[in-house]
Amino acid sequence: MSDPLAKLLTICRTSKLSDLKQLKQLHAQIIQNSLHHQDYWISLLIQQCTQIRAPFSYAHLIFLSIPNPNVFLLTSVLKFYSQLGPQYHHHIFSLFHQIRHSSNHHLKPDAFIYPILIKISGKNSINPLHGHVFKLGFASDHFVRNAIMDMYAKYGPINLARQLFDEMPDRKIADWNSMISGYWKWGYQEEASRLFESMPEKNVISWTAMVTGYSKSGDLENARKVFDEMPDKSVVSWNAMLSGYAQNDFVEEGLKLFEKMMDSCDFKPDETTWVTIISSCAAKGDPQLAKSLVSSIDRRKINLNCFIKTALIDMHAKCGSLETARQIFDEMGVQRNLVSWNAMISAYTKNGDLMSARKIFNEMPEKNVVSWNSLISGYAQNGQSAMAIELFKEMTTTKAIYLKPDQITMVSVISAYGHLGALELGKWAMDFFTKNQIKLNISVYNSLISMYSRCGSMEDAKKTFQEMPTRDVISYNSLIAGFASHGRATEAIELMSKMKEEGIEPDRITFMAVLTACSHAGLSKQGREIFKSIRKPAIDHYACMVDLLGRTGQLDEAKMLIDEMPMKPHAGVYGALLNASRVHKRVELGELAAYKLFELEPENSGNYVLLSNIYASMERWEDVEKIRELMRKRGVKKTTGWSWVEFEGKVHRFIVGDRSHKYSEEINKVLKELGKKMIDLGYVADKSCVLRDVEEEEKEEMVGTHSEKLAIGFALVVSGDDARGVIRVVKNLRVCGDCHRYIKMISKLVGREIVVRDNNRFHCFKDGECSCEDYW
DNA sequence: GTAGGGTTAG
């Protein structure tokens with residue numbers, strides 16, 4: 001044997017091979033020298049493949065270079081494949097199949113193969129495999145036995161794992177550890193602790209399992225206690241604690257612990273540590289921190305594996321550098337896995353770039369439920385509810401059997417339906433749950449409450465709230481916001497008291513909702529009291545208060561409150577003041593607010609229109625013209641809103657002057673007839689406001705033109721003479737004063753109840769009256 | 001050769 005070869009083999013034995021080059025060299029020499037026990041050396045070589053993260057293809061090549069491998073070599077290969085990840089598992093099964101059916105006695109499966117096989121088989125194969133190893137007499141082997149028990153502990157039924165555990169004549173620490181992790185996994189905290197306490201001997205893995213258990217159940221205090229008490233730690237223990245902090249949103253604590261880890265020289269962060277820290281930094285969304293972390297990683301020359309790069313993509317996306325995220329993604333090439341693709345989709349949706357997200361989605365080599373959820377929620381959160389639902393339908397008609405919508409999908413879908421105000425579709429979603437046996441968790445319930453509220457069905461919202469087994473602050477907030485949008489202020493306030501009684505503290509959102517409710521109901525006194533009870537009011541609470549004071553005519557107080565604010569007022573604050581100034585005809589305050597708004601959001605046409613309306617109401621036409629001129633000069637275009645009507649499970653959208661709908665002609669006919677009737681009955685003095693042709697409406701610049709009219713017209717057309725039932729129209733902008741009057745008249749003429757949802761407010765029109773008399 | 005830690009969607 002040549003000297004360099006002997007040296008290399010020693011290196012191989014002591015597992016200190018450093019790179020693929022060295023590995024290849026060794027392989028070539030083993031083959032060249034036709035060594036005795038070649039299988040043995042090659043096995044060692046393959047074991048080294050794991051160490052240096054050799055690619056699958058290379059290990060496979062080594063494997064193929066041996067004409068008659070024995071079972072020892074095969075086991076090494078199987079082990080290597082199993083560590084590469086699920087996408088290589090089918091190679092393992094096919095190899096195993098070959099071995100089993102081979103007549104070569106060197107290839108008889110032995111006890112070493114089964115633990116590997118069991119570990120990768122997944123829950124569906126435990127039973128047959130269990131029977132199989134039992135029949136072959138391997139079930140008494142320590143490692144096989146542990147693998148089977150661990151399987152049951154992980155995938156259930158946990159009781160069966162316990163049974164095997166109890167039947168063991170000689171339990172090793174590994175068996176105890178498997179059992180403890182199993183109990184944690186299934187939520188049996190007490191059993192896990194009891195087992196841990198009664199262990200005759202513990203090792204670092206037992207302790208770490210406890211740290212992980214507490215962390216995953218959100219009990220970080222105990223997790224840290226166990227962590228601090230550990231007689232000795234490993235890098236895994238540190239990672240367990242760090243990930244506990246990361247996943248429970250204790251970002252600061254995590255970073256502090258990480259610093260401590262860096263200071264103590266005993267443990268160097270490994271790749272997992274970095275992944276965890278990067279994800280903590282992503283959660284924080286702090287670009288400065290991200291930058292220093294990246295330079296720290298660069299400085300240490302950390303090997304960037306697939307996990308780290310994916311985490312980096314996520315971090316950059318969340319810290320505002322989408323381009324860097326994309327760059328890493330592009331550079332990954334074949335290193336990309338499904339999660340990297342998904343991370344890139346969410347990177348785009350989080351930055352509102354739905355086109356790019358869609359492109360990535362379409363290019364993906366394979367998709368899972370997370371891919372679909374990312375894109376669906378992306379559409380839902382960026383105001384494209386209809387698209388979100390279309391995508392969901394596509395998902396449910398996709399042939400892939402392993403692809404089933406889950407709770408997270410449904411949260412997005414329900415929310416999308418809620419935004420469309422499509423109650424019937426929402427009810428269809430409920431049927432979908434039952435049919436597909438999707439369990440309802442607290443988030444799904446919460447989204448249902450929001451959906452029912454948004455669709456105007458407070459009874460269903462209340463029912464859902466009462467039905468749910470446990471409620472959190474979001475459940476309360478959803479229902480309170482529902483009451484608020486329906487002008488049911490008293491119920492909103494009562495519910496806030498109730499949540500306090502149940503021990504749930506109102507948060508920023510709760511106060512927002514209740515203050516909004518008070519504002520809409522004109523409950524000035526209660527509103528002030530609630531505002532005073534907020535420990536540290538946020539800027540939005542100030543905006544609500546300005547709105548409340550403004551609506552109730554206390555404009556000077558509103559202005560004073562703005563002056564007293566500890567922070568710089570944002571557009572919402574001045575917007576509220578501007579509205580109030582218009583209603584109460586306070587030109588000077590209106591001008592002040594409007595000009596602040598022109599600075600804060602120069603593109604928003606609504607502010608110009610509002611100020612112009614104030615001038616118009618006082619017949620100051622020169623000033624009206626001045627504002628028009630300002631808009632022209634700044635290139636501000638009046639934004640137009642859509643109106644939706646849900647009909648027979650489909651949502652119909654209309655925009656100002658819309659002639660694209662197939663019923664367009666009928667709709668305009670109905671609207672004209674109604675207009676004539678209004679004039680004949682003397683409802684309106686000026687016929688121009690009801691008989692205007694849609695084409696004229698398009699030309700109109702300043703006065704709101706009405707997609708709601710078209711939507712209501714459509715509803716009347718499709719419902720024919722049937723005068724029962726409620727017409728639901730959803731508009732995504734503020735219903736203007738003109739429109740409000742118009743709908744009142746329609747409701748009286750056709751004798752029907754018309755519900756219009758305008759942003760988050762509901763207007764119920766009946767017999768020529770509107771439920772929201774505070775309407776501006 | 002067992003058992004403990006990691007990235008994406010709400």
Side-chain angles (χ1 to χ4, degrees), chain A residues 47 72 75-76 78-79 82 110-116 118-119 141-150 153-154 171-182 184 202-213 215-216 230 233-244 246-247 269-280 282 305-315 317-318 336-347 349-350 368-378 380-381 406-415 441-444 446-447 474:
Chain A
Q47 281 164 26
F72 180 47
T75 312
S76 309
L78 291 187
K79 180 120 201 214
S82 76
D110 61 8
F112 284 79
I113 285 191
Y114 285 100
I116 303 172
I118 293 166
K119 203 176 160 185
D141 180 89
H142 267 148
F143 297 98
V144 174
R145 216 180 48 186
N146 178 274
I148 290 173
M149 193 195 79
D150 192 60
K154 280 199 174 79
R171 290 181 281 253
K172 306 268 192 222
I173 299 191
D175 301 316
W176 289 83
N177 291 345
S178 288
M179 210 53 231
I180 289 174
S181 295
W184 274 116
K202 304 176 177 89
N203 63 9
V204 62
I205 297 178
S206 331
W207 285 91
T208 309
M210 293 304 284
V211 172
T212 309
S215 299
K216 291 245 157 90
M230 286 176 81
K233 297 180 175 63
S234 69
V235 68
V236 179
S237 326
W238 283 87
N239 292 344
M241 196 61 232
L242 287 171
S243 106
Q247 263 148 28
D270 69 359
E271 289 166 1
T272 303
T273 319
W274 289 107
V275 172
T276 310
I277 291 306
I278 295 168
S279 95
S280 289
N305 67 14
C306 164
F307 274 79
I308 294 186
K309 284 191 183 165
T310 305
L312 281 172
I313 290 177
D314 184 52
M315 179 186 78
K318 285 181 181 153
R336 287 193 283 242
N337 66 7
L338 184 55
V339 181
S340 331
W341 286 86
N342 289 343
M344 204 58 228
I345 292 182
S346 95
T349 59
K350 285 221 162 59
N368 66 0
V369 67
V370 178
S371 328
W372 286 87
N373 288 351
S374 305
L375 197 62
I376 291 175
S377 79
Q381 282 167 11
D406 62 7
Q407 298 179 338
I408 294 171
T409 323
M410 297 322 285
V411 168
S412 302
V413 172
I414 293 168
S415 144
N441 64 9
I442 202 159
S443 308
V444 179
N446 291 344
S447 61
I474 302 174

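Because only heavy atoms are used, hydrogens play no part in the values below, and waters and symmetry mates are left out as well, while side chains stay in. A, B, ... follow the sequence lines: proteins, then strands. Residue 1 opens every chain.
Among the protein residues, Q381(A) comes within range of the sugar-phosphate backbone only, with heavy atoms under 4.0 Å from sugar or phosphate atoms but none that close to a base. Across all strands, K309(A) comes closer than 4.0 Å to no nucleic acid atom at all (heavy-atom distances). Here K350(A) lies in heavy-atom contact (under 4.0 Å) with sugar-phosphate atoms only. Within the 4.0 angstrom heavy-atom criterion, only backbone atoms of the sugar-phosphate kind lie near V411(A); the bases stay farther away. Nucleic acid contact class of A111(A) (heavy atoms, under 4.0 Å, all strands): base. N446(A) comes within contact range of no nucleotide atom at all, as no heavy-atom separation falls under 4.0 Å. Residue contacts shown for D110(A) are absent, as no nucleic acid heavy atom lies under 4.0 Å away.
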**Study point:** side-chain hydrogen bond (donor to acceptor under 3.5 Å, both in side chains) evaluation trace for N373(A) with N342(A)
**Key:** CA-CA 9 Å; N373(A) 288 351; N342(A) 289 343; over 6 Å; no

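Using a 4.0 Å cut-off between charged nitrogen and carboxylate oxygen, D150(A) and K119(A) do not count as a salt-bridge pair.
S279(A) places a side-chain N or O within 3.5 Å of a backbone atom of T276(A) that can act as its donor or acceptor partner.
A donor-acceptor contact closer than 3.5 angstrom links the side chains of N239(A) and D270(A).
In this structure S76(A) satisfies the side-chain contact (heavy atoms from CB on, under 4.5 Å) test together with S43(A), I46(A), Q47(A), sequence neighbours excluded.
Atom CG in N446(A) sits 12.0 Å away from atom OG in S415(A) (nearest 0.5 Å).
Here the range on DNA chain B touched by chain A, meaning any atom under 4.0 Å from one of its heavy atoms, is dG1(B) to dG10(B).
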